[in-house]
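Note: hydrogens, waters and symmetry copies are ignored here, and every other heavy atom, side chains too, is used.
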Amino acid sequence: MSEISIVLIEDHDLTRMGLKAALQSNSTLRVIGEAPNGTKGLKLLETAKPDVAVVDIGLPDIDGIELTRRFRHFQAETGDSTTKILVLTMDHTEDAVLAAFAAGADSYYMKDTSIDKLTEAIQATHGGNSWIDPAIANVVLQQMRQGIPENQPSDQPKTVKIEALSSEYEQVLETYPLTQRELEILELIVAGCSNGQIAEKLYITVGTVKTHVRNILNKLCADDRTQAAVRALRSGLVA
């Protein structure tokens, strides 16, 4: 595996030092820069261009969300989209989660999770996959449920149309919206249930579960379950 270059932007010195030491104990990771605030962090990202930026939300000057927004603007202007952003936080409130992804974060990681999981998150983010912490899974589901019309006729299958996606995703979902059964299965997937457990809970066969999962991924244009959850989260950004 090729080495992944990382920049750490975290205002608490001990936390930043601990993260740096822990990450560099992995031979596939290399911390090439660090910053204690958003202003210095933004300049560092623009010059160092790491593979992954680990950005704390609660920075003292420019918070992590605003930093992410400004850096994405810089990337758009320069045409350099190499650096991925992993937001690091203790805050899993709905507003914080939505704001982070709206700003352009690729992944969302809770600070109280293990360093092994952080390594996993960084590797997944670098590989082009959005890593979403299980602690915010409920936010994803709540955003999806808000799109289900309450006055839909009971004899019609309930569906949810996902907004705020790129045009090709919207076109797919307009033609093939998620059904209520697919939303139920997605909820169980996010809860960590295997296909066998889902089949048992919903009284359907494992084969049927696999078919629904495949349909969910296809409708969300996602490569895997995690990416599907992130795209669902992004879809709730526009009412």
Side-chain angles (χ1 to χ4, degrees), residues 3-75 80-140 226 229-230 233-234 237:
E3 194 175 62
I4 300 172
S5 61
I6 300 166
V7 159
L8 294 175
I9 305 174
E10 161 67 57
D11 61 316
H12 294 288
D13 293 340
L14 290 178
T15 300
R16 191 175 66 255
M17 292 168 61
L19 284 172
K20 180 179 180 179
L23 292 175
Q24 294 203 143
S25 66
N26 187 310
S27 61
T28 66
L29 306 178
R30 182 168 61 97
V31 177
I32 63 172
E34 52 186 293
N37 58 54
T39 301
K40 292 182 178 179
L42 182 58
K43 291 180 180 178
L44 180 60
L45 290 182
E46 293 174 353
T47 55
K49 299 180 181 179
D51 294 321
V52 178
V54 178
V55 181
D56 182 29
I57 279 188
L59 297 172
D61 51 352
I62 304 171
D63 65 36
I65 292 172
E66 180 60 24
L67 183 154
T68 298
R69 185 178 295 111
R70 293 187 189 184
F71 182 61
R72 288 305 191 209
H73 181 69
F74 168 81
Q75 287 183 305
D80 180 11
S81 59
T82 303
T83 300
K84 309 293 184 184
I85 297 179
L86 186 154
V87 168
L88 187 67
T89 184
M90 288 295 292
D91 190 352
H92 62 277
T93 61
E94 180 176 320
D95 287 346
V97 174
L98 294 179
F101 281 110
D106 295 289
S107 297
Y108 200 97
Y109 180 87
M110 299 298 294
K111 281 186 176 180
D112 56 359
T113 313
S114 70
I115 193 65
D116 288 340
K117 284 294 183 183
L118 177 57
T119 298
E120 179 184 329
I122 289 172
Q123 292 170 336
T125 304
H126 175 247
N129 297 309
S130 293
W131 201 95
I132 183 170
D133 197 293
I136 65 168
N138 285 336
V139 176
V140 178
T226 299
V230 172
L233 176 60
R234 289 182 187 277
L237 299 177

Item to complete: Check whether any side-chain N or O of Ser5 sits under 3.5 Å from a backbone N or O of Arg30 as a donor-acceptor pair, and report yes or no.
Response: no
Discussion item. To the closest 0.5 Å, what do you measure between CZ (Arg16) and CG (Leu88)?
Written reply: 12.5 Å
Discussion item. Between Glu120 and Lys117, does the salt bridge (Lys or Arg N to Asp or Glu O under 4.0 Å) criterion hold? Intermediate values first, please.
Written reply: CA-CA 5 Å; Glu120 179 184 329; Lys117 284 294 183 183; 3.5 Å; yes
Discussion item. Would you say Asn26 and Thr119 are linked by a side-chain donor-acceptor pair, where the criterion is simply a distance under 3.5 Å?
Written reply: no
Worksheet item: Taking all non-hydrogen atoms of both residues, which atom of Pro50 and which atom of Leu45 are closest, and how far apart?
Response: CG-CD2, 3.8 Å
Discussion item. Quick check: closest heavy atoms across Lys40 and Ala35, and the distance to 0.1 Å?
Written reply: C-CB, 3.9 Å
Worksheet item: Who pairs with Lys111 by salt bridge (Lys or Arg N to Asp or Glu O under 4.0 Å), at least two apart in sequence or on another chain?
Response: Glu10, Asp56
Worksheet item: Given side chains that start at C-beta, do those of Trp131 and Leu86 come closer than 4.5 Å, heavy atoms only?
Response: no
Response to the item:
Sorted by chain and residue number, the salt bridge (Lys or Arg N to Asp or Glu O under 4.0 Å) partners of Glu66 (sequence neighbours excluded) come out as Arg69, Arg70
Discussion item. Set out, in order, the CA-CA distance, both residues' side-chain angles and the distance that settles side chain to side chain contact (heavy atoms under 4.5 Å, CB included) for Val7 and Thr83, then state yes or no.
Written reply: CA-CA 10 Å; Val7 159; Thr83 300; over 6 Å; no
Worksheet item: With distance as the sole test, does Asp106 use its side chain to make a donor-acceptor pair with the main-chain N or O of Ile85 at under 3.5 Å?
Response: yes
Worksheet item: Does some side-chain heavy atom of Leu8 sit less than 4.5 Å from a side-chain heavy atom of Leu23?
Response: yes
Response to the item:
Closest heavy-atom pair, Met110 versus Met90, reported as atoms and distance to 0.1 Å, is CE-O, 3.3 Å
Worksheet, complete the sentence: On a heavy-atom basis, the closest approach of Ala100 and Val87 is CB-CG2, 4.3 Å
Fill in: Main-chain N/O of Pro60 paired with Asn37 side-chain donor or acceptor, under 3.5 Å
no
Fill in: Ile62 to Leu67 - nearest heavy-atom pair and separation
CG2-N, 3.5 Å
Worksheet item: If we only count heavy atoms from C-beta on, is the Thr82 to Lys49 side-chain gap below 4.5 Å?
Response: no
Worksheet item: Of all heavy-atom pairs between Ser107 and Thr125, which one has the smallest distance, and what is that distance?
Response: OG-OG1, 2.6 Å
